[in-house]
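Bear in mind that the values here come from a model prediction, so they are computed numbers and not experimental data. Quick note: numbers below take in every heavy atom, side chains included, and nothing from hydrogens, waters or symmetry partners.
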Amino acid sequence: MSYQASFFPRNKHDVRTRAENAISDPTIPNGGFQREQNTAFLYQAFRDKMNMDKGEWIVGVDYQDTATCSTCHISATPNQPATHDVGERISWTLRPVISKKLEHWKDRREKMKDVCRQCHGDFMVDDFYNQFDKFVDLYNNKFATPAMNIRQKLMDMGKLTKADFDDKLDWIYYELWHHEGRRGRHGAAMMGPDYAWWHGMYEVAKNFYTHFLPEVEKIMGGKEAAMPILNEYVFKDPLHRWYRDGMSKEQLQNIEQFYQQRYGGKEVK
C-alpha cells in the first residue's frame, strides 16, 4: 500500500481522530474546520466508494464524490504526482501577524486549483480564491497592520517595553493575531464559516475595538492624547471611522434597507 493511501482515514472514528489530532487547540481547530466542511458529510455518505485501497488513488479517476485532507494537500491528480510536502500547494502563509503570499505562490496555487478542478468547475474554484484573498486582505489591512504599527509606535515612544508579555497590550495584541486572527484566516482557507466569522473575524473586531484601542487610550493618558496615533494608523481608513464619528442617519438607513432587501420584512434590523 502506498504512503498516500495509508494516510487516509478508514472509518468514522479515524477521520475524526486524525483531523482533530492534527491541530485541535482553540487557535487552529482543524477538527472543527473539518466537521464544518461539506466534504465531512460527503465522506460519511461516500467513503465506501472512494477506493482507498488502490495504490495510486488519483482524485478524478479513482474517486470524485468527496475528499480527505490528503486529497487536496498531498495526493495525486491526473496532472501531478503525489507529494510528501504538505505545503507544496499552499499559496498564503497564515501563521504570522501579517499573512503573506509565499514564494512562487502562483505556481503553488495552480497546483491546488488542479486538485479542485477534479470535482469543481472553474467558476467555483476561482470564486473561492477570490473570496479567500479578500478575507485575508481585510484581516491584514484593517486590523493586523494597524495593531502591529501602533504597538511598535508605543514601544518607540517608551510607552511599552520592547519585551513581550510584560504589558497588558502585549497579551491583547497576541490574542488578536495569534488566536482570533489565525482561527479566522484558517477558517476561510478551509471553508469553515463559523470559524472564519464567529470564532474568527468577529472576535478580531471585538478584540480590536473593545480591548486593543481602549488600552492604547489608557496607555497614552486618555482619548485626546491617543488621537494622533489612532488617526495616523486607524482612522485614516474609512472602514474604522464609525468607531470615532458614529454613523449618519443616511448610513443607518442604508444598512436597514440592505437587510430588508436581503431578508425581507419591514421590522428586520
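- Looking only at distances, a side-chain donor or acceptor of Gln251 sits under 3.5 Å from a matching main-chain atom of Ser248.
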Would you sort out whether Arg244 and Asn231 count as a side chain to side chain contact (heavy atoms under 4.5 Å, CB included), showing the intermediate values?
-> CA-CA 9 Å; Arg244 182 191 64 186; Asn231 283 337; 3.0 Å; yes
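- The two residues Asp166 and Thr161 have their closest heavy-atom pair at OD2-OG1, 2.5 Å.
- Under the 3.5 Å distance criterion, the side-chain polar atoms of Asp237 are matched with a main-chain donor or acceptor of Leu239.
- Side-chain contact between Lys113 and Asp122 is absent, with no heavy atoms from C-beta onward closer than 4.5 Å.
- Here CD of Glu232 is found 6.5 Å from NZ of Lys236. Values are rounded to the nearest 0.5 Å.
- At a threshold of 4.5 Å between non-hydrogen side-chain atoms, the residues Ile219 and Lys168 do not count as touching.
- Using a cut-off of 4.0 Å between Lys/Arg side-chain N and Asp/Glu carboxylate O, Lys49 and Asp65 are scored as not salt-bridged.
- Note: the hydrophobic cluster containing Val216 also contains Trp242 (ILVMFWY, side chain heavy atoms under 4.5 Å, direct or indirect links).
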Check against salt bridge (charged side-chain N to carboxylate O under 4.0 Å, His left out), Asp156 and Lys162 | CA-CA 9 Å; Asp156 294 342; Lys162 295 187 181 297; 3.7 Å; yes
Under the side chain to side chain contact (heavy atoms under 4.5 Å, CB included) rule, what do Glu217 and Leu230 come out as? Steps first, then yes or no, please.
-> CA-CA 9 Å; Glu217 293 171 353; Leu230 298 183; 3.9 Å; yes
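- Side-chain contact between Asp133 and Trp92 is present, with heavy atoms from C-beta onward closer than 4.5 Å.
- The heavy-atom pair separating Ala196 from Ala188 by the smallest distance is CB-N, 3.7 Å.
- Linking ILVMFWY residues whenever their side-chain heavy atoms come closer than 4.5 Å, directly or via other members, places Leu160 and Tyr233 in the same cluster.
- For Lys101, the NZ atom sits in a packed shell: over 12 heavy atoms of surrounding residues, nucleotides or ligands are nearer than 6.0 Å.
- Atom OH of Tyr243 sits in a crowded spot, with more than 12 heavy atoms from other residues, nucleotides or ligands closer than 6.0 Å.
- Contact between Trp177 and Arg185 at its shortest, heavy atoms only, is O-NH2, 3.0 Å.
- Taken together through direct or relayed side-chain contacts under 4.5 Å among Ile, Leu, Val, Met, Phe, Trp and Tyr, Val234 and Met155 form part of one hydrophobic cluster.
- A 4.5 Å side-chain heavy-atom check between Phe143 and Tyr209 finds at least one atom pair inside the cut-off.
- Inter-residue side-chain proximity for Gln118 and Asn79 is flagged as met; some heavy-atom pair is nearer than 4.5 Å.
- A heavy-atom distance below 4.5 Å is found between the side chains of Lys218 and Glu215.
- For the pair Thr145 (side chain) and Asn140 (backbone), a donor-acceptor distance under 3.5 Å is present.
- Rounding to the nearest 0.5 Å places CE of Met190 at 8.5 Å from NE2 of His186.
- Within 6.0 Å of the CZ atom in Phe123, the count of heavy atoms belonging to other residues, nucleotides or ligands does not exceed 12.
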Run the side chain to side chain contact (heavy atoms under 4.5 Å, CB included) check on Val59 and Cys119 step by step: do they pass?
-> CA-CA 8 Å; Val59 64; Cys119 303; 4.1 Å; yes
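- Note on ring orientation: taking the six-membered ring where Trp is involved, the planes of Phe132 and Tyr129 are tilted (angle from 30° to 60°).
- Atom CD of Gln64 and atom CE of Met50 lie 11.5 Å apart (nearest 0.5 Å).
- Atom CH2 of Trp105 is separated from atom CZ of Arg108 by 12.0 Å, given to the nearest 0.5 angstrom.
- Residue-environment remark: CD (Gln131) stays at or below the threshold of 12 foreign heavy atoms within 6.0 Å.
- Tyr139 is not connected to Leu102 by any chain of hydrophobic side-chain contacts under 4.5 Å among Ile, Leu, Val, Met, Phe, Trp and Tyr, and they are in different clusters.
- Residues His178 and Tyr173 are not in side-chain contact: their nearest non-hydrogen atoms beyond the backbone lie 4.5 Å or more apart.
- Residues Ile90 and Phe135 do not share a hydrophobic cluster, clusters being chains of Ile/Leu/Val/Met/Phe/Trp/Tyr side chains in contact below 4.5 Å.
- Under 3.5 Å, the side chains of Thr71 and Tyr63 contain a donor-acceptor pair of N or O atoms.
- Remark: the backbone N or O of Gly200 is not paired with any side-chain donor or acceptor of Arg183 at under 3.5 angstrom.
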Under the side chain to side chain contact (heavy atoms under 4.5 Å, CB included) criterion, do Val97 and Leu176 qualify, and how do the steps go?
-> CA-CA 9 Å; Val97 180; Leu176 189 149; over 6 Å; no
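- No side-chain N or O of Glu175 forms a donor-acceptor pair with one of Asn207 less than 3.5 Å apart.
- The heavy-atom pair separating Phe212 from Ala147 by the smallest distance is CZ-O, 3.5 Å.
- Counting heavy atoms from C-beta on, the side chains of Met112 and His73 come closer than 4.5 Å.
- Looking at every heavy atom in both residues, Leu94 comes nearest to Ala189 through CD1-CB, 3.8 Å.
- For Tyr174 and His179, the ring centers are positioned less than 6.0 Å apart.
- Listed by first and then second residue, the salt bridge (charged side-chain N to carboxylate O under 4.0 Å, His left out) pairs that reach into residues 76-91 are Glu88-Lys111, sequence neighbours excluded.
- Looking at Asp114, its side chain never comes within 3.5 Å of a backbone N or O of Glu110 through a donor-acceptor pair.
- Here Lys206 does not pair with Glu180 in a salt bridge; the nearest charged N to carboxylate O distance is not below 4.0 Å.
- Under 4.0 Å is where a charged nitrogen must lie from a carboxylate oxygen, and between Arg151 and Asp164 at least one such pair does.
- Atoms CD and OG1, from Glu203 and Thr210 in turn, are 10.5 Å apart once rounded to the nearest 0.5 Å.
- Going from atom CZ of Phe165 over to atom CG of Asp170 covers 7.0 Å, rounded to the nearest 0.5 Å.
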